[in-house]
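Encoded as structure tokens, the structure appears first; notes follow it.
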Amino acid sequence: MKQIGNIYFIAAIAVIGGGLFGFDISSMSAIISTEPYLCQFNQQGNDPDTGICRGPDPNLQGGITAAMPGGSWLGALVSGFISDMIGRKTSIQIGAIIWVIGSIISCASVNIPMLIVGRVINGFSVGICSAQVPVYITEISPPSKRGRLVGMQQWAITWGIMIMFFICYGCSFIPGAAAFRIPWGLQMIPALLLFLGLLFMPESPRWLARKDRWEESKAVLTLVHGRGDPDSVLVSREMADIREVVEFERKNADVTYLELLKPNMINRTHIGVFMQIWSQLTGMNVMMYYITYVFTMAGLGKDVLLPSAIQFIINVVMTVPALIWMDKWGRRPTLLVGAFFMCLWMCINAGLFAVYSRPPHPGEFPSPSESMAIEGAPAKAIIASTYLFVASYAPTWGPVSWTYPPELYPLRVRGKAVALATSANWAFNFALAYFTWKVYVIFAVFLFAMFVHVFFLFPETANKPLEEVEAIFDYTNPGSIKFIGTPAWKTSNHRHETLRLERGDVSTEEKIGLEHKESK
Ligand code: BGC
């Protein structure tokens, strides 16, 4: 089958896997309070006075909601084995098929166990796709565009959240079970596109090389990086780098998760895992969840459409600057600036609520979660600062949390290491249902901690050929720190050199000089 070599096209198809993650996030929130849902899954029976369906009790609803992240956690972990064994591309295709199966079960579900099973299966698929799509794109991208291309996964997530929210909101006006069956059925379409689209995409050249499929590996690099010319300088250099690494790695037996804990890998393992833990502890999901409460507490009504729609649109639009510039900015500055601003908005929200709010009058708001009332200018400032928070996460921690982990590891452990890092996303992926302003303070403290952590321990990886990132973590180099490698604050982004290398006008001496500079 003829394969497509345009890297943007390859990434655009692959990140549909990220879109499924977005669907996952918003597939429940607009549905759980609708009558068709409550009546179909009416564990508590009808209210004796009003006759209204009461749906599942809150604990069980918590379980139904958590079934998806639970499945994703497992799917991400398992994806490391699958992807090392059968390939990056094929494992994403398997993820797409699993999504379709899960969606059929959720869409057709007639009782709570069936719904839980459907959601676990959907989650499992999202775990596989969201861990292996970044690995696949990382291994097939030229270094100077890697951030942007993997960052497209975050963009797809934000699109997925927004599209699914609008579909669910729109369908909530349809009478009967179609209100939830339609969205849960429609979500199959992108997964089918993902599966079919990938049939025309090449496999990761690095995975092929690792499986000793050298000719295919070279053919992919020629197609994607060499504009069809097998003798292009870039293709020859990449092949030489890959060969060196694969041959070196060949001496090691097959990798297990335990290898990630060895002295030369533990630093990287902790950085990758913390990348995802911190991305969750920024409080982004809590902020997104709170926006409807904040609107109600500010006296702007209880309709979820407007506050959520504004927020999801900001999230999509503000991811775009990262796609354009994140490779130029580098990973470290982007993370540091993001943590700084998010911390600021958290502190402003905490301060305003602490000083200007009052307890609500009995019955003033529909939900006990809306535990404070606030009016006038402070209320407007809180809404603005909540949106500014989303606008700060979207171009920074959102995309970098997907771009950074796969860049850190050598080929032989990449599949499993990214799988582990991604599983940490779900272990910490939660939204606190009950509002209190003190939560803002807790997240502000986390944001401060991640700023310090990134400054001291997260090195710059942007624009470095993957095989070169290795040198940063080599702690036998002079000037490096034991078990850590080159101090993170001494690493930098050599974009100009990389762009020249990709154009083919860098001499070997210069390239060696570049590596040397980094390891000092
Ligand atoms: C995070 C999700 C979050 C989303 C928001 C992703 O990077 O992993 O937890 O909901 O960004 O855009």
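In each ligand, atom 1 is the first atom listed, and ligand 1 is the first ligand listed. For the numbers below, each heavy atom of this structure counts, side chains included, while hydrogens, waters and symmetry mates do not.
- Taking a cutoff of 4.0 Å between a charged side-chain nitrogen and a carboxylate oxygen, Lys464 and Glu470 do not qualify as a salt bridge.
- Contact annotation for Gln154 and ligand 1: only side-chain heavy atoms (C-beta onward) come within less than 4.0 Å of the ligand.
- Ser103 places no side-chain N or O within 3.5 Å of a backbone atom of Met188 that could act as its donor or acceptor partner.
- Of the options Gln280, Gln276, Met287, the smallest heavy-atom separation from atom 2 (C) of ligand 1 is shown by Gln280.
- Side chain to side chain, Tyr37 and Gln61 meet the donor-acceptor criterion of an N or O pair below 3.5 Å.
- Inclusion of Ser279 in the set of residues having an N or O under 3.5 Å from an N or O of ligand 1 is not warranted.
- Atom numbering of ligand 1 starts at 1 in the shown order; those under 4.0 Å from a heavy atom of Thr158 are 12 (O).
- Taking a cut-off of under 4.0 Å to the non-hydrogen atoms of Ile25, the atoms of ligand 1 that pass are 10 (O).
- Checked by atom type, the side-chain pair Ser357/Trp437 shows no donor-acceptor distance below 3.5 Å.
- Scanning the protein heavy atoms around atom 12 (O) of ligand 1, the nearest turns out to be Asn315 ND2, 2.9 Å.
- When only non-hydrogen protein atoms are considered, atom 8 (O) of ligand 1 lies nearest to Asn425 ND2, 2.9 Å.
- Of the listed residues (Trp397, Trp426, Tyr393), the one carrying the non-hydrogen atom nearest atom 1 (C) of ligand 1 is Tyr393.
- Atom 10 (O) of ligand 1 has Asn285 OD1, 2.5 Å as its closest protein atom, hydrogens excluded (heavy atom only).
- The closest donor-acceptor contact from the side chain of Asn429 to the backbone of Gln280 lies at 3.5 Å or more, if one exists at all.
- Residues Gln132 and Ser91 have side chains that never bring a donor and an acceptor to within less than 3.5 angstrom of each other.
- For ligand 1, the atoms sitting less than 4.0 Å from at least one non-hydrogen atom of Asn429 are 9 (O), numbered in the order shown with element in parentheses.
- For Trp426 and Phe21, the ring centers sit closer than 6.0 Å to each other.
- With no hydrogens or angles considered, a side-chain donor-acceptor pair links Arg148 and Tyr8 at under 3.5 Å.
- Counting the atoms of ligand 1 from 1 in the order shown, those under 4.0 Å from a heavy atom of Met288 are 5 (C), 10 (O).
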